[in-house]
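Everything on this sheet refers to the single structure shown next.
What you see is a predicted model, and the numbers here were worked out from it, not measured in a lab. Atom set for the values below is all heavy atoms of this structure, side chains included, hydrogens, waters and symmetry mates excluded. Heads up: numbering here begins at 1 and tracks the sequence.
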Amino acid sequence: MEEHFKRKHRHMLEAALRPLRTSFRRITRSNLEFSSLSRGSVTFTLLVCFALVGLEGWTGWRDYHASVQRATTANSNLAQSLVQHTEDVLDRADTVLAQLVERVTLDGTGPALRARLDDLLRREAERPPGALSFFVYGADGGWLASSLPQTPGSMSNADREYFRRHRESADPQPYLGPLVISRSRGKWILTLSRRVQASDGRFAGVVLATIDAEYFSGFFSRFELGRDGAAALFRTDGTLLTRQPFIESQAGRNFADLALFRQLLPRAPAGTNWITSPFDGVTRLNSYRRAERYPLVIAVAVSEQEALAVWRREIVIRSLATALVMVVIGFLGLRISRQAQRRHQVEKALAESEGSFRLLAENSSDMVSRINLEGKRTYVSPAAERLLGLAAATLIGRPANEFIDAEDQPAVEQAMGRLRTGELREATVTFRLHRAGQETLWLESAIRTTHDPRTGEADGAVAVSRDVTERRLLEQRLAELASTDGLTGLANRRAFDDALQQEWRRSTRTGQPLSLLLLDVDRFKQYNDSYGHQQGDECLKAVALAVRSMIRRAGDVAARYGGEEMVLLLPNTATTGGEEVAEKLRAALQAQRLPHAANIPFGVVTASIGVAGVTPELQAEIGPGALVAAADSALYRAKHEGRNRVVLAT
């Protein structure tokens with residue numbers, strides 16, 4: 001890619017210099033005798049042209065890397081979101097499998113119980129995301145129960161790879177099998193299975209969850225990947241599970257010989273690289289990420305043409321503009337060399353050159369501003385009306401920072417200060433801009449200092465600003481998807497872990513206490529058995545609402561810790577304060593009076609809460625994990641002592 005860029009830029013440089021070379025050869029053939037001033041003018045003109053080409057080359061090279069970096073960031077964030085969703089779907093399936101194993105082990109699979117199992121599996125299959133199916137097989141591979149409308153009685157899955165594996169291995173962990181074609185529906189499916197064994201350890205069968213391969217392909221298609229973009233789901237052994245766009249002939253094929261599996265994954269669980277697709281031969285920027293809990297790899301790729309489309313368009317425009325400017329400068333230089341004695345013609349030529357530069361600025365879609373040392377605008381291009389909603393003429397003489405959001409002012413002022421002191425020649429800042437009576441915009445401004453040509457001292461700056469609101473909103477949306485629990489709307493486990501680490505460091509630095517509440521819904525499994533999993537989800541939402549209502553400050557964090565467990569992190573809160581909040585939360589949840597007949601003696605949904613706190617003098621001896629462990633121990637005591645209570649960790 002770098003060699004391609006250099007060759008392309010070299011050709012543009014040669015094309016831009018060709019008119020100047022022709023003019024200089026014509027001058028030589030006419031035996032024009034240059035005075036020392038004329039030779040100096042020509043030399044200066046050439047140096048300016050070469051400097052302009054060099055600056056344009058450096059700018060293009062920098063923008064190329066910036067374009068690649070933006071595409072890399074977007075791809076990486078999208079890969080993280082897809083991995084999170086895939087793991088959530090598999091976790092949902094595995095939760096049902098774990099419950100099935102427990103139920104089959106305790107209740108058996110007699111004829112009277114199979115109908116109940118069928119009904120249970122059909123209800124689970126109807127819950128979101130709607131692409132799951134569930135099956136129970138006996139020790140001989142025969143079908144005992146399923147989520148299908150009717151469970152076949154004469155079929156056997158004993159020859160399936162996952163069935164043989166569970167029969168030969170006593171490993172109780174879930175197994176993610178290879179891609180297979182469903183015998184009941186004829187579609188490509190992903191399989192997740194668990195072993196069922198009798199009380200004496202003998203193999204007693206398999207419980208299985210299947211996921212349509214095209215479900216993930218359809219989910220991937222919801223994200224904008226471009227016309228030639230692609231997303232793929234692999235097993236870590238290189239087996240392709242699904243892809244968007246879906247190519248059925250490639251499903252289940254092994255690509256272990258790709259550099260992704262031979263070189264990249266062994267070195268890092270996530271990364272980005274240029275690849276030539278083995279599916280269609282298209283060159284793409286590929287970002288991959290390995291799942292944490294399952295042997296899966298997500299790869300998200302955007303084509304080279306689409307990733308660099310904006311950059312190529314801008315480089316062509318800038319190259320044409322540079323060539324035009326170089327022709328103008330060369331023309332002016334020749335006039336100066338021929339008429340060095342006529343100063344007024346030199347000034348006229350400079351005025352024409354300035355007009356050419358102004359023409360380029362005023363026809364640009366970006367807003368170009370000239371700012372003096374007092375921070376006021378002395379020139380604004382017509383693009384200001386589109387971005388700011390004000391005519392360019394009305395902005396002359398007004399402060400350049402008057403519409404910038406107060407929170408972003410310090411960063412902009414810092415960049416301007418470094419430019420004024422000469423620490424930087426150029427700076428790029430991103431900030432929010434408030435337009436009168438309109439929505440807030442995100443602008444990205446490239447600011448460069450300008451110097452008086454006579455004294456060489458800084459006399460102001462030129463800022464080129466463009467609207468990046470759409471890009472910022474997309475980045476924020478991807479960040480929210482990666483940090484929010486889809487069911488409750490609370491922060492997810494990953495976001496909570498990050499917040500705990502951050503608040504732990506802040507507590508250590510400031511000397512303030514830190515408290516943690518760990519909540520578990522009492523007898524939630526019985527609630528699901530009695531009211532169904534859909535009502536169980538509504539119960540968790542109600543509990544989450546109560547937890548969120550306890551947040552009083554910006555630093556408080558409410559999160560879903562896992563299953564029916566939720567946490568509340570309270571910075572700058574002593575243990576006694578945390579205990580008071582926990583008691584309010586317990587009472588608020590009980591006051592909702594959600595019916596729960598199996599929660600004897602209360603009859604309504606209640607929760608047990610463990611509270612733990614830490615003071616700065618203890619933080620040097622323990623880590624944040626000890627705080628969670630202490631709260632978990634207190635929660636266990638609350639359960640043991642009768643539930644629906646708050647227990648403070650000792």
Side-chain angles (χ1 to χ4, degrees), residues 40-41 43-63 66 314 318 321-322 325-326 328-329 332-333 336 343 346-347 349-362 364 366-384 387-388 392-406 408-433 443-466 468:
S41 299
T43 301
F44 177 76
T45 301
L46 283 174
L47 289 176
V48 170
C49 290
F50 280 113
L52 190 60
V53 172
L55 177 63
E56 176 59 27
W58 175 81
T59 303
W61 182 242
R62 182 202 62 187
D63 290 349
E314 292 181 349
R318 288 204 303 263
T322 301
V325 172
M326 288 173 58
V328 172
I329 293 176
L332 295 176
I336 292 172
R343 187 177 181 85
V346 174
E347 294 173 351
L350 290 174
E352 293 175 357
S353 177
E354 181 182 355
S356 298
F357 281 105
R358 183 177 293 271
L359 177 65
L360 293 175
E362 294 185 351
S364 172
D366 295 339
M367 182 179 73
V368 181
S369 304
R370 181 78 165 84
I371 306 168
N372 62 21
L373 293 176
E374 289 74 36
K376 295 183 178 180
R377 298 184 180 93
T378 59
Y379 169 77
V380 183
S381 68
L387 292 180
L388 304 181
T394 65
L395 297 171
I396 303 300
R398 295 168 64 171
N401 63 351
E402 63 178 339
F403 301 110
I404 298 177
D405 187 273
D408 299 334
Q409 288 274 7
V412 177
E413 289 298 327
Q414 181 183 16
M416 292 298 295
R418 297 177 70 184
L419 288 169
R420 280 193 291 266
T421 59
E423 182 180 350
L424 293 177
R425 292 286 305 277
E426 182 178 359
T428 300
V429 291
T430 304
F431 53 87
R432 285 163 291 183
L433 199 75
L443 290 190
E444 182 180 81
S445 288
I447 310 171
R448 174 179 286 272
T449 54
T450 58
H451 299 81
D452 189 308
R454 293 167 296 183
T455 64
E457 295 181 357
D459 62 355
V462 171
V464 180
S465 305
R466 64 181 54 184
V468 294

Subject >> E413: partners by side-chain contact (heavy atoms from CB on, under 4.5 Å), with sequence neighbours left out >> reply: N401, Q409, R420
Subject >> Which residues share a side chain to side chain donor-acceptor pair (under 3.5 Å) with R318, sequence neighbours left out >> reply: E56, D63
Subject >> R466: partners by side-chain contact (heavy atoms from CB on, under 4.5 Å), with sequence neighbours left out >> reply: E314, D366, E444, V468
Original post:
Taking atom CD1 of I396 and atom OG1 of T378, what is their separation to the nearest 0.5 Å?
Top reply: 6.5 Å
Original post:
Hey, does R370 have a side-chain heavy atom less than 4.5 Å from the side chain of D459?
Top reply: yes
Subject >> Residue pair V429 / A415: nearest heavy atoms and the distance that separates them >> reply: CG1-CB, 3.5 Å
Original post:
Closest heavy-atom contact between Y379 and P382?
Top reply: OH-CD, 4.4 Å
**OP:** For R448, look at atom CZ and say whether over 12 heavy atoms of other residues, nucleotides or ligands are found less than 6.0 Å away.
**Re:** yes
**OP:** Measure the spacing between CE of M416 and OG1 of T449 and express it to the nearest 0.5 Å.
**Re:** 9.5 Å
Original post:
Between the main-chain N or O of P399 and the side-chain N or O of R377, is there a donor-acceptor pair closer than 3.5 Å?
Top reply: yes
Subject >> Shortest non-hydrogen contact between A463 and I447, atoms and distance >> reply: CB-CG1, 4.0 Å
